[in-house]
Amino acid sequence: MTLSGVDAMIAPMSKYPFNEIEKKWQAYWEESQSFAVTEDESIPQEKRIYVLDMFPYPSGSGLHVGHPEGYTATDIYCRYLRMNGYNVLHPMGFDSFGLPAENYAIQTGTHPKITTERNIENFRRQIKSLGFSYDWSREVSTHESSYYRWTQWIFIQLFNKGLAYESNTPINWCDTCKTGLANEEVKEGRCERCGTLVVRRNIRQWVLKITEYADRLLEDLDSLAWPESVKLMQKNWIGRSEGASVLFRIDGMEESLEVFTTRADTLFGATYMVISPEHPLVSALTTADNRGAVEAYLDEVAHKSDLERTDLAKEKTGVFSGSWAINPVNGEKIPIWIADYVLISYGSGAIMAVPAHDERDWEFAKKFGLPIVEVLKSEVSVQEAAWVEDGVHVNSGFLDGLNKDDAIEAMIAWLESRGLGRRAVNYKLRDWIFSRQRYWGEPIPLVHCPSCGTVPVPESELPLLLPEVQSYEPSGTGESPLATIDSWVNTTCPVCSGPAKRETNTMPQWAGSCWYYLRYLDPHNNTEFVSSQKERYWMPVDLYVGGAEHAVLHLLYARFWHKVLYDLGKVSTSEPFTRLINQGMITSYAFQRKDKSLVPTDMVDELEDGRFIERQSGEALERVIAKMSKSLKNVINPDQIIAEYGADSMRMYEMFMGPLEVSKPWSTAGLVGVYRFLDRIWRLYTERTIVDEEPSQALLKSLHKTIKKVSEDTKSLNFNTAIAQMMIMVNELYKEESLNRRIGETFILLLAPYVPHLSEELWQRLGHTKSLINAPWPLWDERLTVDNTVTIVFQVNGKVRSKAEVAMGLADEQALAMAKADEKVAKWLEGKSVVREIVVADKLVNIVVR
RNA sequence: GCCGGCGUGGUGAAAUUGGUAGACACGUCAGACUCAAAAUCUGAUGGAUGAAUAAUCCGUAUCGGUUCGAUUCCGAUCGCCGGUACCA
């Protein structure tokens, strides 16, 4: 027999009325505004808490099973906190500007606003169907003018502070998206969104000076309770390196070349220099004899993509300029080359090359026959390979005998004293290319006036509304569709009232998400982006949960804007998100042939013995874990899960799968297990007689152990083990004939954050007239969580040979005596001499013999 | 290449100031209920040898080390995942 469609939906046979219950309680919460919060000043500071989910982009395909994972985690945590007396801010909204809606508009002519709002409605319905305790009165969507008015306002603050500038330098251009991209949006030379190879293109761009905040963005990472991996990624992205800036005179010219180096100690080994093909001095340094070759090279480089310049260019290329520089430490004349392994965007776009001690320079020197001079004692000849380790300096004048670190210090001091160089710091982080040549985004609120220059739109005129256009098609020439609307472009200068033109670029999708967590605090404020009273009441965000894909992009940009707002005195904290958790991805099973190709799930049969075969060929397949994808037909739709098993099962299963932070494969069979657990609870409360007598000591102990475990694990977000403990408790309760009221009521409260609908229903059926969302969280009695007896193990040479049930707190000597008296232990001690005896109280006795 | 993280039964996973490996759940097997099946309830279930609920051995990617004792600490190797890509 074969099962068609592996992991097919298994309709539950016994059916507790989840559908009815869930509808009923969702309607109740909505009607009674159960989760709306206010800034109640009587609640002490430490009882105010802000728990935030990364808001979704409302895509056309609806909610994915990955979304509810983080949302369920924060929901459980929030419900737990409310029952513990906290005033909890827990909002939700939509990151609703973005390319998919615009691309859809280009194909169909449907306005992005229409599709976006339709998608938002669907997302909201789906999110609500899971019974999350959001304060929906605070919902925001970034595409609404009442929201982007303030995004524009913040941009003007950045502009006024001198943090926004126009640039004409080459930028990353995606020809599919027809727009410029930030450096962070380029992954392996390709557009992060669509995978198209990025090309360099000169397009006028608005750029934000995030580099001005590089140091603070780096330093303040230390203060954050974030995953180390995310902090490290940001740290690497900022890429601070300390070194020196050194000036090289050019032989026969007034100009000099500035280079940045982290290895000032190797200056005596600098045998040539390299400047980037885009360096401003390229033309000046090229001599007549070399002009032909240089121009040919520049032309060749210009036609390479960024990927070819980096990844594929294993072989170094370059050309001699004809000019010579003077090495400031020894006065030697060294040639200046032009090569594309030097990037214009890092440092000064020029380097001193030390082939003996740098692998890239070594490779280049070998190819072009440039001299290689050893300046650190190397273990292998520097003619054979570059030596990049530490060592003792040689051939280096006053540095001879020093190690690397001391020599760097000595050299910088020497350069500084002669005015030839200075200590310097460089960053890998580059300024943020902020403009997009697209329609569906916030218009940048600037006006270009021929006499006043670029001036911001007056704040009183915000929002600067996104106009209607005939065509959403980007021009591809570097102008957005807005540029085609003359009536919109042509305006008057806010300063001199003369004719002027509007900026036609729009902001990137990141803009709206840079500050949404602030707008939730005061979403309907028409006079300020957020009132400072409300900001101080809630900020910073205590817990932020979302996907790891935002480790650099969103989180870095949001931190940057937040710091700017902090410097302007608009917010009270220097960091927005105190604690961050990345939920793991929910993956799915996929089936792999021997050649590693994947087979769509609906083409696979599972044999009775558990093996998997491809239906058509009969080929045996291996079950592997893969990302969910439409092509593999292994995407799970939350709507379908909720319809068949209910929201409570969906929520609890996603939490039971494993730790929040790790990625884990979806298994509908696993979901059924959780469903059965909830069904068992339902029958426990509805089919058994409820008795009011005093519970047994044993049951009371189980209960208190459960209260303790669930309390601690919920607080620390270890939901999977909290659920396991609740299952143990239910298994205990099933051994009884009837249900004890006291135990039953307490247990429902523990269950409530996890499966709120079922819990509310059972709570009501137990006779309560008030919802349990603000019922006090149960407390445990520590004395009832410890057992009177404990099993201790008897080991001989570290191997368990016997065990015994003993009273808690048994004295060491007694434990040892028991072990020695044990028959099985005695067998292993026979004929041996005892060398050592180890007793760990209430745990074990280990007798070491020889 | 470099930087992180991870590797535990047939499956998802528990357990780490070093102290009974595999809680809980899925699956499988057996029993109860039933005319029967499903559902439900109860029990068993890491592997090997074994009639065995006896006993012994093996077992937390691999190899080695520290220790009375290692899933946990250290070193090396392999594999998978994520980040990054000539950053001077």
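Reminder, nothing fancy here: chain letters follow the sequence lines and each chain counts from 1.
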Q.
Looking only at the side chains, is there a donor atom on one of A:Arg240 and A:Asn426 sitting less than 3.5 Å from an acceptor on the other?
A. no
(Q) Across nucleotides 21-33 of chain B, 5' to 3', mark each nucleotide with B, S or - according to how protein heavy atoms within less than 4.0 Å reach it. (A) --BBSSS------
Q: Validate the cation-pi geometry between A:Lys316 and A:Tyr341: distance from NZ or CZ to the six-membered ring centre under 6.0 Å, angle to the ring axis within 45°.
A: yes
Q.
Within the 4.0 Å limit for protein heavy atoms, which parts of nucleotides 52-60 of chain B are touched? Write it as a string from 5' to 3', B for base, S for sugar-phosphate only, - for none.
A. ---SSSS--
Q) Mind checking the P distance from B:U45 to B:A52? Whole angstroms is fine. A) 14 Å
(Q) Roughly how many Å apart are B:U8 and B:A21, using the C1' atom of each and rounding to a whole number? (A) 8 Å
Q | Closest-nucleotide ordering on RNA chain B, the 5'-leading residue of A:Val552 and A:Val342 | A | A:Val552
Q.
Under 4.0 Å, counting only non-hydrogen atoms across every strand here, what does A:Lys803 touch: a base, just sugar-phosphate, or nothing?
A. base
Q: Please work out if A:Asn846 contacts a base, only the sugar-phosphate, or nothing of the nucleic acid, heavy-atom cut-off 4.0 Å.
A: base
Q | Comparing A:Phe260 and A:Pro665 on RNA chain B - which has the more 5′ nearest nucleotide | A | A:Pro665
(Q) Quick check on B:G9: syn or anti? Syn means the glycosidic torsion is within 90 degrees of zero. (A) syn
Q: State yes or no: are the ring centers of A:Trp666 and A:Tyr653 separated by less than 6.0 Å?
A: yes
Q.
In this structure, how many angstroms lie between the C1' atom of B:A88 and the CZ atom of A:Arg263, rounded?
A. 11 Å
Q.
Any side-chain N or O of A:Arg836 below 4.0 angstrom from OP1/OP2 of B:G69?
A. no
**Q.** Watson-Crick and G-U pairing of RNA chain B, under 3.5 Å, as dot-bracket with | and [ ]
**A.** (((((((..(((......[....)))((((((.......))))))((((.....))))..(((((..]....))))))))))))....
Q.
With heavy-atom distances below 4.5 Å as the criterion, would you say the side chains of A:Tyr589 and A:Pro665 are in contact?
A. yes
Q. Under 4.0 angstrom, heavy atoms only, what part of the nucleic acid is A:Val848 near: base, sugar-phosphate, or nothing?
A. sugar-phosphate
Q) Do the ring centers of A:Phe18 and A:Trp682 come within less than 6.0 Å of each other? A) no
**Q.** Check: A:Asn634/A:Thr601 side-chain N/O donor and acceptor closer than 3.5 Å
**A.** no
Q: Using a heavy-atom cut-off of under 4.0 Å over every strand shown, decide if A:Ile838 touches base, sugar-phosphate, or nothing.
A: base
Q) Among A:Ile351, A:Leu343, A:Val342, which residue meets the side-chain contact (heavy atoms from CB on, under 4.5 Å) test with A:Ser276? A) A:Val342
Q) If we ignore angles and hydrogens, is there a donor and acceptor under 3.5 Å between the side chains of A:Gln725 and A:Thr706? A) yes
Q: Establish, from distance only, whether the side-chain atoms of A:Glu805 and A:Thr791 form a donor-acceptor pair under 3.5 Å.
A: yes
Q: Have a look at A:Ser345 and say if it touches a base, only the backbone sugar-phosphate, or nothing, with a 4.0 Å heavy-atom cut-off.
A: nothing
Q | Polar side chain donor-acceptor pair, A:Asn718 to A:Ser716, under 3.5 angstrom | A | yes
Q | Distance-only side-chain donor-acceptor flag, A:Ser345 / A:Arg430, under 3.5 Å | A | yes
Q: Find the distance A:Met655:CE to B:A13:P and express it as a whole number of Å.
A: 14 Å
Q) Mind checking whether A:Ser649 and A:Phe656 have side chains closer than 4.5 Å, heavy atoms only? A) no
**Q.** Distance test, side-chain N/O of A:Lys187 to OP1/OP2 of B:U84, below 4.0 Å
**A.** yes
Q. Counting any heavy atom closer than 4.0 Å, what does A:Lys428 reach on the DNA or RNA strands: base, sugar-phosphate only, or nothing?
A. base
